[in-house]
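Down below is the structure, laid out as structure tokens.
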Amino acid sequence: LETKLRHAVSQNQIRVYYQPQVNINTNAVIGFEALARWDHPEYGILPPAKFISIAEDTGMIKAIGDWVLATACKQIMLWEKNGLGRFRLAVNVSARQLSQTDLVSKIETVLQDTQLPASRLCIEVKESAVMKESVATMNILNDLKTLGLCLAIDDFGVGHSSMNQLQKLPVDAITVDRSFVMNIAGRERDGIGAKAIIGLAKNLGLHVTAEGVETTTQVEFLRRYQCEEAQGHYYSPPIPAQQVPQFVASMTDMRRSMSEPL
Ligand code: C2E
Ligand code: MG
Ligand code: MG
């Protein structure tokens with residue numbers, strides 16, 4: 001698989017899919033999360049679960065990550081140029097990438113080359129990658145912050161880290177993991193984890209995005225507990241760039257019809 005993945009990278013078989021992040025109250029499309037896919041000649045589109053861990057173990061994640069970042073930044077600016085909107089971009093960075101000494105300068109170069117304002121880039125790092133609080137990790141997070149971008153802890157709560165640890169990190173946002181959102185069903189007790197995480201984030205002044213939102217019940221619950229943003233199949237699965245304009249248009253139509261008097 002390692003050889004095949006190496007081949008895939010050199011043969012440009014890696015793709016970026018985009019999953020919309022939507023304001024729960026207004027249905028405005030705020031931004032997109034870039035998610036890697038492997039367009040396998042035999043098996044079709046493969047999700048990251050099939051290749052990201054191998055990419056991490058072998059170090060190939062660095063090349064893949066660099067390419068995803070550059071491609072997605074360019075795409076966001078292209079959408080802006082074409083008048084589709086000014087979107088924010090979320091990009092995942094793995095533990096292995098965080099240990100790259102030139103990560104910060106690489107991101108800085110991509111921002112300069114693409115002209116994407118740093119404030120519109122959000123770097124997502126998994127809780128497990130940053131909660132060890134090593135000096136090296138803290139330094140890199142602080143350096144990333146000096147670029148002016150947004151730093152988010154992805155899938156918060158899954159790694160059982162504490163409020164105390166979260167408070168020490170120079171982060172702006174967290175994402176609520178799908179496992180907590182999935183537990184939001186009909187009964188009030190169901191969403192207790194999601195409610196606790198949203199409350200924690202609010203108390204620390206952090207921005208919150210709920211992931212894996214699939215049902216109206218979940219949307220209503222998140223709205224009630226003042227989580228402003230969501231992403232999930234309720235709005236859209238991750239889609240190729242070509243499908244984004246149509247998605248944005250459909251959301252605009254929906255907002256227009258909601259604001260029209262009956
Ligand atoms: P993540 O960053 O937490 O991304 C969210 C995942 O939740 C995505 O899975 C997305 O497709 C899935 N998701 C979102 N809404 C729903 C929903 O309503 N229902 C269901 N069933 N799933 C939903 P995906 O694309 O398979 O990515 C999995 C993970 O792979 C990502 O989790 C991220 O940690 C990693 N990953 C993806 N692309 C990259 C990349 O370019 N670099 C690195 N380092 N990691 C990546
Ligand atoms: Mg993510
Ligand atoms: Mg996540």
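Everything quoted here is computed from the prediction, not taken from an experiment. Computed over heavy atoms, backbone and side chain alike; hydrogens, waters and symmetry mates excluded.
Distance alone, capped at 3.5 Å, is enough to place a donor-acceptor pair between the Asn23 side chain and the Asn25 backbone. Thr175 places a side-chain N or O within 3.5 Å of a backbone atom of Asp155 that can act as its donor or acceptor partner. No donor-acceptor pair under 3.5 Å is formed between the side chain of Gln226 and the backbone N or O of Arg223. With hydrogens and angles ignored, the 3.5 Å screen pairs no side-chain donor or acceptor of Glu220 with any backbone N or O of Thr217. Judged purely by atom type and a 3.5 angstrom limit, Glu214 has no side-chain atom pairing as donor or acceptor with the backbone of Gly232.
Here Leu149 contributes atom CG and Leu121 contributes atom CG; the two are 5.5 Å apart, rounded to the nearest 0.5 Å. Here Glu124 contributes atom CD and Glu211 contributes atom CD; the two are 6.0 Å apart, rounded to the nearest 0.5 Å. With rounding to the nearest 0.5 Å, the separation of NZ in Lys4 from CD in Gln13 is 11.0 Å. How far NZ of Lys50 is from CD1 of Ile52: 13.5 Å, rounded to the nearest 0.5 Å.
Val91 and Leu69 make their closest contact through CG2-CD1, 3.9 Å (heavy atoms, listed as atom of the first residue, atom of the second, distance).
Tracing side-chain contacts under 4.5 Å through hydrophobic residues (I, L, V, M, F, W, Y), one never reaches Tyr17 starting from Ile76; they form parts of separate clusters.
By the 4.0 Å N-to-carboxylate-O rule, Lys62 lies too far from Glu56 to be salt-bridged with it. Salt bridge annotation for Asp172-Lys145: present, with a cationic side-chain nitrogen under 4.0 angstrom from a carboxylate oxygen. Between Arg86 and Glu80 a salt bridge is recorded (basic side-chain N to carboxylate O distance below 4.0 Å). With respect to Glu260 and Arg256, no salt bridge is recorded, no charged nitrogen being found less than 4.0 Å from a carboxylate O.
Using a 30° and 60° split on the angle between ring planes, Phe87 and Phe32 fall in the perpendicular class, above 60°.
Scanning for side-chain contact (heavy atoms from CB on, under 4.5 Å) contacts around Ser236 gives Pro20, Ile239, Phe247, with sequence neighbours left out. Every residue was checked against the salt bridge (charged side-chain N to carboxylate O under 4.0 Å, His left out) condition with Arg255, not counting sequence neighbours, and none meets it.
At a cut-off of 3.5 Å, with distance as the only test, a side-chain donor of Glu33 or Asn92 sits close to an acceptor on the other residue. Between the side chains of Glu108 and Ser105, no donor-acceptor pair is found at a separation under 3.5 Å. Side-chain atoms of Gln231 and Gln21 include a donor-acceptor pair closer than 3.5 Å.
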- Could you go step by step and tell me if Trp38 and Tyr43 meet the ring pair (Phe, Tyr, Trp, His ring centres under 6.0 Å) rule? CA-CA 9 Å; Trp38 177 358; Tyr43 307 125; 8.4 Å; no
- Would you check, one step at a time, whether the test side-chain contact (heavy atoms from CB on, under 4.5 Å) holds for Leu103 with Thr101? CA-CA 6 Å; Leu103 178 70; Thr101 46; over 6 Å; no
